[in-house]
Amino acid sequence: MPELPEVETIRRELAACIRGAKISQVEVLRSLVVGHPGSAKFAKTLESDEIEAVERQGKYLILCLRGGRKLVFHFRLSGSIVVTPDRTPQRFARVLFYLSDGRALQFIEPRVLGRIYLVLPGEKPKALTGLFRLGLEPVAPGFTTAHLCAVLAKRKARIKSLLLDQSIASGVGNIYSDEALFRARIRPTRRAHTLKRDEIARLVRTLKDVIREGIENLGTSVKDYYRTDGRTGNFQKMLRVYGREDEPCRLCGTTIKLLKLGNRGSRYCPHCQK
DNA sequence: CGGACAACCTGGTTGC
DNA sequence: TGCAACCAGGTTGTCC
């Protein structure tokens with residue numbers, strides 16, 4: 001599940017290998033993944049454009065093209081990008097971007113939930129409102145205890161649900177929120193406004209830590225996440241609760257529990273997290 | 001507006 | 001072995 005560290009890893013690897021590359025042709029194999037505009041206009045507009053920079057905002061990857069156009073990717077649950085030396089489509093390839101040097105940038109998305117958007121200068125497509133509503137990333141200097149206290153004080157929802165809200169902590173998903181809550185010793189079901197200042201201070205610290213460690217370890221490969229060369233990340237080896245339900249807590253030995261919050265899984269240690 | 005939750009989508013896993 | 005049912009999960013949209 002590509003969250004901030006996974007998308008950042010993809011961004012860095014792409015910046016190293018495709019900056020300056022020219023797109024010669026675009027082939028849409030599954031038009032559903034083109035979120036804006038229609039797939040015909042999408043492919044036509046991108047022909048013979050050039051990739052000038054590779055950026056990221058939250059979980060969105062942004063290829064900045066000549067002329068101010070932006071190619072925005074969202075990987076949702078299972079999307080990824082691979083750069084291949086030739087044009088042979090990989091398994092689950094949904095859109096192929098042929099580069100003028102013979103390589104191909106392939107958008108891989110088994111579950112077809114991920115999207116690609118082409119944004120012209122000044123355009124704000126309705127399908128991309130999520131991008132324009134992003135809050136601070138946990139690693140941002142402004143993401144402080146005071147900031148998060150102010151945001152959470154007026155919210156009654158469970159802290160876990162709010163950590164997944166991209167307008168509150170952009171880039172955080174299910175893996176890193178479970179890990180940060182475990183390290184901060186906060187139970188995911190806690191109502192946000194009941195959190196004490198020192199608990200929020202711990203959470204700010206652990207959110208920054210897990211995101212930074214995730215990036216340093218090239219992301220978490222639990223299922224569908226691969227890097228642009230097809231290799232996996234390493235942070236899955238360091239997970240303390242995510243994917244460890246029914247296994248012993250690494251700190252106290254208590255069995256890690258899985259509970260359903262809304263319609264997503266949440267893992268925690270009933271002993272360590274109060 | 002906040003909060004809860006179904007729907008989107010399909011490959012992989014589980015159960016019979 | 002075969003096949004149906006179920007599950008994962010980020011985001012959007014709907015309902016209250």
Side-chain angles (χ1 to χ4, degrees), chain A residues 1-8 10 28-36 39 56-62 72-81 89-95 107-117 124-135 137-138 150-181 188-195 207 211 214 219-226 232 236 239 241-246 256 258-268:
Chain A
M1 296 94 238
E3 304 178 26
L4 193 158
E6 289 72 38
V7 182
E8 176 62 17
I10 293 168
V28 178
L29 305 179
R30 205 65 153 75
S31 56
L32 195 56
V33 303
V34 176
H36 179 87
S39 63
R56 180 193 57 74
Q57 286 183 47
K59 300 173 192 170
Y60 292 88
L61 179 82
I62 304 168
V72 181
F73 292 77
H74 197 294
F75 302 108
R76 293 283 182 102
L77 309 180
S78 58
S80 59
I81 285 178
Q90 299 267 79
R91 189 154 130 94
F92 306 129
R94 307 306 187 190
V95 179
F107 181 61
I108 311 293
E109 182 30 316
R111 295 182 208 178
V112 199
L113 286 170
R115 293 289 181 268
I116 311 175
Y117 312 85
K124 286 204 170 185
K126 194 187 274 182
L128 252 179
T129 44
L131 175 62
F132 305 112
R133 282 188 197 152
L134 291 178
E137 298 182 357
V151 171
L152 297 182
K154 37 185 190 275
R155 303 295 294 261
K156 297 194 168 83
R158 295 181 164 96
I159 183 61
K160 170 63 187 268
S161 303
L162 294 181
L163 287 181
L164 296 176
D165 183 334
Q166 298 302 293
S167 68
I168 293 178
S170 68
V172 175
N174 214 22
I175 297 172
Y176 293 93
S177 57
D178 274 5
E179 293 297 309
L181 286 168
T189 48
R190 286 282 297 282
R191 299 284 171 178
H193 67 286
T194 69
L195 292 172
L207 278 167
I211 298 286
T220 305
S221 295
V222 279
K223 208 167 183 192
D224 295 301
Y225 165 70
Y226 297 97
T232 63
Q236 65 278 8
L239 298 177
V241 282
Y242 186 84
R244 297 196 66 247
E245 57 269 27
D246 302 326
I256 300 296
L258 166 64
L259 62 82
K260 283 278 179 190
L261 280 185
N263 52 0
R264 47 183 33 115
S266 200
R267 287 85 174 170
Y268 70 102

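Chain letters run A, B, ... following the sequence lines, proteins first and then strands; every chain starts at 1. Only heavy atoms go into these numbers, but all of them, side chains included; no hydrogens, no water, no symmetry mates.
Between A/R111 and B/dC8 there is no side-chain polar atom (N or O) within less than 4.0 angstrom of OP1 or OP2. Phosphate proximity of C/dC7 to A/K260: absent, as no side-chain N or O sits under 4.0 Å from OP1 or OP2. Taking 4.0 angstrom as the limit, A/R155 places a side-chain polar atom (N or O) nearer than this to OP1 or OP2 of B/dG3. Taking side-chain N and O atoms only, A/H74 has no distance below 4.0 Å to OP1 or OP2 of C/dG10. Contact between the side-chain N/O atoms of A/Q166 and the OP1/OP2 oxygens of C/dG10 is not found at any separation under 4.0 Å.
A/R191 CZ: more than 12 foreign heavy atoms inside a 6.0 Å radius.
In this structure, the CZ atom of A/R133 is 12 Å from the C1' atom of B/dC1, given to the nearest Å. Put simply, CG on A/L134 is 15 Å from P on C/dG10, counting in whole angstrom units. Rounding to whole angstrom units, CD of residue A/E6 and C1' of C/dG10 are separated by 13 Å. Nucleotide C/dC16 holds its P atom 21 Å from the NZ atom of A/K156, rounded to whole Å. Note: CD1 (A/I175) to P (C/dA8) measures 14 Å, nearest angstrom. Rounded to a whole Å, the NZ atom of A/K160 is 17 Å from the P atom of B/dG3. Straight-line distance from the NZ atom of A/K59 to the C1' atom of C/dG10: 6 Å, rounded to whole Å. Summarising the geometry, the separation between CG on A/L261 and C1' on B/dA4 is reported as 11 Å, rounded to the nearest angstrom.
No engagement by A/K126 is indicated, since no non-hydrogen atom pair under 4.0 Å with the nucleic acid exists. Looking at heavy-atom distances under 4.0 Å, A/R91 makes contact with sugar-phosphate atoms alone, never a base. Within the 4.0 angstrom heavy-atom criterion, only backbone atoms of the sugar-phosphate kind lie near A/R191; the bases stay farther away. Within the nucleic acid shown, A/F75 has no heavy atom closer than 4.0 Å to any nucleic acid atom.
Set against C/dT11, B/dC9, B/dG3, the side chain of A/R76 has C/dT11 as its closest nucleotide. Among the nucleotides B/dG11, B/dG3, C/dG10, the one closest to the side chain of A/P110 is B/dG11. Nearest nucleotide to the side chain of A/F92, out of B/dG11, B/dC9, B/dC8: B/dG11.
Judged by distance alone, the side chain of A/R158 and the main-chain N or O of A/R190 form no donor-acceptor pair under 3.5 Å.
Tested against A/T189, the residues A/L181, A/I159, A/L261 include a single side chain to side chain contact (heavy atoms under 4.5 Å, CB included) partner, A/L261.
A cation-pi geometry, defined here as NZ or CZ lying under 6.0 Å from the six-membered ring centre and within 45° of its normal, does not hold between A/K59 and A/F75.
Scanning all heavy atoms of the two residues, the minimum distance from A/L29 to A/A93 falls at CD1-O, 3.4 Å.
Residues A/R267 and A/L131 both approach DNA chain C. Their nearest nucleotides, taken by heavy-atom distance, put A/R267 toward the 5′ side.
By the 4.0 Å N-to-carboxylate-O rule, A/R267 lies too far from A/E179 to be salt-bridged with it.
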